[in-house]
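Each ligand, and each atom within it, is numbered from 1 in the order the structure gives. Everything numeric here is computed off the predicted structure, so don't read it as measured data.
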Amino acid sequence: MPIRDPALQTESQAGKTTGEHETQTLSGHEAALLEKYRIERAKRIRTEGLAQFRKSEGELAYFLEDPYARTPLQRAPMQNEVDVVIVGGGWSGMLTAIHLRQAGVKDIAIIESGGDFGGVWYWNRYPGCRCDVDSFIYMPLLEETGYMPTEKYAKSEEIRAHAQAIARQYDLYRHAVFQTRVTELRWDEEAARWIISTDRKDAIKSRFAFVGNGALNYPKLPGIPGIETFKGHSFHSSRWDYAYTGGDANGDLVNLKDRRVALIGTGSSGVQCVAPLSQWTKQLYVVQRTPAVVSIRGNKPTDPSWVSSLKAGWAKQRMANFDGILAGLVRDEDLVDDEWTDLWGPPPPPPAGADLSELAAFFQKIDIEKMDRVRARVDSIVKDPATAEALKPWYNRFCKRPTFNDDYLPAFNRPNVKLVDTQGRGLDRITENAIVFDGRSYEVDCIIYATGFDLLTTSHKAGGFEIFGRGGQTIDQKWAMAVRSLHGIYTHGFPNLLFVAGMRQGCPTVNFPYMTNEQAFHAAQVVKRLLQDNVRVMEVTPEAENRWCEIIAAKSKVNVEYIRACTPSFLNAEGDLSELPKQAFPTAYGGGPFEYIDILRNWRERGLLDDLHLVRE
Ligand code: NAP
């Protein structure tokens, strides 16, 4: 996740940076590393760019199936009308519904493809799955529910249970339409209603529609030739097949003890799966394209004496402190105190009054120090020198979402675990019974794809549906050249539609629920007011949208530079720089979360009537 004061360093800056206030010179070691980063990046740039992935459709559609829903749902199609439809029952949809209910808006339908609330935590139940940020900031509404996570980094099942407890406490189940996939949102001009169609033949009318289905819900498959020819068992990490592996999220994968398994992908999910898989498989091949940054986790049980010392308001304060540190806005206090927030290392602070290039060199040096430690950690744990060398990441620390794990690297010392390092290329092909790299075939019984999600796409695409606004225009048509919105929430041509926690032109935070909650609260307040004022149609003006696009362009410059120089990932459209204007992170508001929250509040109080065209009933 990019940060505001990143260790950006363009090639032309390498080796020298001087300024009025302080001279920053990169050492020979540092300059050589940047050259290595450049070479490693070049190996990973693919001409296919984003087209390298395969969709879970056609003969691969089974990768999307829900292995967790206990009972098949049978119900008649719905044709009712509500004030608000919310697409998605993860944190975005749940928090939006809660804030709407608290604002007095209770005629709501939450449409969710899974069989319960929880979103990513409904789907991601793989062994080893845990929160990758501090549970005390990640899990929403802790003070309101009186719940305390049992560990600093809670397990998936604990987070899912918390989501369900929230849904019960806030009476969300009465609004839930589960096991139902939205196929289309279509604006009915005459009725001034959204018509929401689903795979269960529903046609629900709604005055307002919220798209809050997140970004991590469409499993992505690699475009490895032959993937469809594999005759063994295969599934995506977000659809873990415990019927095949045995056991549960805590391990006991007893059915794998005679099996050879390939795990493809070493991002946040892959890194968490490796240790449990290594304990239960006869042979585990970990297929790596780009090594992850694997930092110390240091998980621990919750300390009751710390809990009893907390004062009212602690949870929000801790959330703001964390994302404030990551945005470079807070330096005096570190409440979470983990590897995420250890951005700077020991002082000194950045040179006072430094210009952008001085800051760039300053942060680059710190980044290199950190990454040297990450690489040294690999050497200190992994015994086989060739494997250790292959596991070292060569890019700046926030080019990919960093991972934190104390069991991943030791797993490579086990005799049944082999790293198949594809040096940036990926596998050559998959056959009926094997994975193939560099002319060598590795026979396997099972392939597990920990290859991530289609986070690069827009929210509605991630949810697998289309949105038709005024005159039948689709969002993709409107955003063909670049994303256009106000605050990442409203877009002209699509009346009465609000995006919550979309990745574009808003301000996504490393701790996702923090900004999601702020946006959900804001959007609920706006809709409450529109309903109170009997507004039939609300549409953001093109002028307001233009103004926000200009602000985004001005504020995102630092992020864009950083992301451009990164190794390919979902942050930079897999290195396809022509795609950047449409992509999530380069179009994020670069002024940091506090500014963005202030902008929303001020606008709600003063700007709303100027920027929204309103037609009353
Ligand atoms: P990801 O970060 O996108 O990682 C996908 C992995 O698949 C990468 O290692 C990628 O390699 C690899 N890959 C893609 N195509 C390949 C190919 N053809 N051959 C071999 N490898 C290939 O996905 P993820 O790990 O599921 O994580 C996605 C996001 O989910 C994270 O950024 C995080 O926000 C969230 N997440 C959070 C948690 C948590 O809180 N516990 C856990 C899991 C995920 P390259 O690096 O070379 O592209």
Margin query: If you define the side chain from C-beta out and look only at heavy atoms, does anything of I552 sit under 4.5 Å from Y589?
Written below: yes
Item checked: Check: Y147/E158 side-chain N/O donor and acceptor closer than 3.5 Å -> yes
Checklist line | Atoms in ligand 1 flagged as close to L216, the criterion being non-hydrogen separation under 4.0 Å | finding: 29 (C), 30 (O), 35 (C)
Check: Under 4.0 Å from any heavy atom of Y126, which atoms of ligand 1 are there?
Finding: 42 (C), 43 (C)
Margin query: So if I count the atoms of ligand 1 from 1 in the order they appear, which ones are less than 4.0 Å from some heavy atom of G452?
Written below: 3 (O), 5 (C), 23 (O), 24 (P), 26 (O)
Next item on the list: Would you please indicate yes or no on a ring centroid separation below 6.0 angstrom for W91 and F512?
Entry: no
Margin query: Could you work out, for atom 43 (C) of ligand 1, the closest of G424, A154, S269 by heavy-atom distance?
Written below: S269
Notebook entry, point to check: Can you list the atoms of ligand 1 that are under 4.0 Å from a heavy atom of G265?
Noted result: 6 (C), 7 (O), 9 (O), 12 (C)
Margin query: Applying a heavy-atom cut-off of 4.0 Å, say which part of C129 lies close to ligand 1: side chain, backbone, both or neither.
Written below: neither
Check: Purely on distance, is any nitrogen or oxygen of K220 under 3.5 Å from one on ligand 1?
Finding: no
Margin query: Taking a cutoff of less than 4.0 Å between a non-hydrogen atom of the residue and any ligand atom, is Y153 in contact with ligand 1?
Written below: no
Next item on the list: Output the list of atoms in ligand 1 that are nearer than 4.0 Å to some heavy atom of F453, sorted by atom number.
Entry: 26 (O)
Margin query: Counting the benzene-type ring for Trp, do Y442 and Y285 have ring centres under 6.0 Å apart?
Written below: yes
Margin query: When you compare ligand 1 with T451, is there at least one nitrogen or oxygen pair between them that comes in under 3.5 angstrom?
Written below: no
Next item on the list: List every atom of ligand 1 that sits less than 4.0 Å from any heavy atom of R130, numbering the atoms from 1 in the order shown and giving each element.
Entry: 39 (C), 40 (O), 41 (N)
Notebook entry, point to check: Hey, which atoms in ligand 1 end up nearer than 4.0 Å to a heavy atom of K400?
Noted result: 45 (P), 46 (O), 48 (O)
Check: Who gets closest to atom 47 (O) of ligand 1 by heavy atom: L263, V287, N124, T290?
Finding: T290
Notebook entry, point to check: For the rings on F453 and H236, is their centre-to-centre separation under 6.0 Å?
Noted result: yes
Checklist line | Nearest-option assignment for atom 11 (O) of ligand 1, heavy atoms, candidates Q52, E574, R44, R289 | finding: R289
Note to self: Checking N250 against K155: is there a side-chain donor and acceptor pair closer than 3.5 Å?
What the structure shows: yes
Check: Looking only at atom types and distance, does a side-chain atom of Q288 sit under 3.5 Å from a main-chain N or O of A390, one as donor and one as acceptor?
Finding: yes
Next item on the list: Establish, yes or no, whether a centroid distance under 6.0 Å links the rings of W121 and Y138.
Entry: yes
Next item on the list: Heavy-atom distances under 4.0 Å are what count here, so tell me which part of I264 touches ligand 1: side chain, backbone, both or neither.
Entry: side chain
Check: Would you say G267 and ligand 1 have an N/O pair spaced under 3.5 Å apart?
Finding: yes
Margin query: What I want to know is whether Q272 and ligand 1 share at least one N or O pair that is separated by under 3.5 angstrom.
Written below: yes
Check: Considering R46, R54, R401, R425, which one's heavy-atom position lies nearest to atom 34 (O) of ligand 1?
Finding: R401
Note to self: If you take the centroid of each ring, where Trp contributes its six-membered ring, are W340 and F404 closer together than 6.0 Å?
What the structure shows: yes
Notebook entry, point to check: Is there a donor-acceptor contact under 3.5 Å linking the side chains of D445 and H233?
Noted result: no
Notebook entry, point to check: Just by distance, with hydrogens left out, do E432 and T229 show a side-chain donor and acceptor under 3.5 Å apart?
Noted result: no
Margin query: If the cut-off is 4.0 Å to any non-hydrogen atom of G426, which atoms of ligand 1 fall inside it?
Written below: 19 (N)
Note to self: If we only consider heavy atoms of C131, is any one of them less than 4.0 Å away from an atom in ligand 1?
What the structure shows: yes
Margin query: For the residue pair S569 / E574, report whether a side-chain donor-acceptor contact shorter than 3.5 Å exists.
Written below: no
Check: Can R44 and T290 be counted as having a side-chain donor-acceptor contact under 3.5 angstrom?
Finding: yes
Note to self: Is the contact between V120 and ligand 1 made by the side chain, the backbone, both, or neither, using heavy atoms and a 4.0 Å cut-off?
What the structure shows: neither
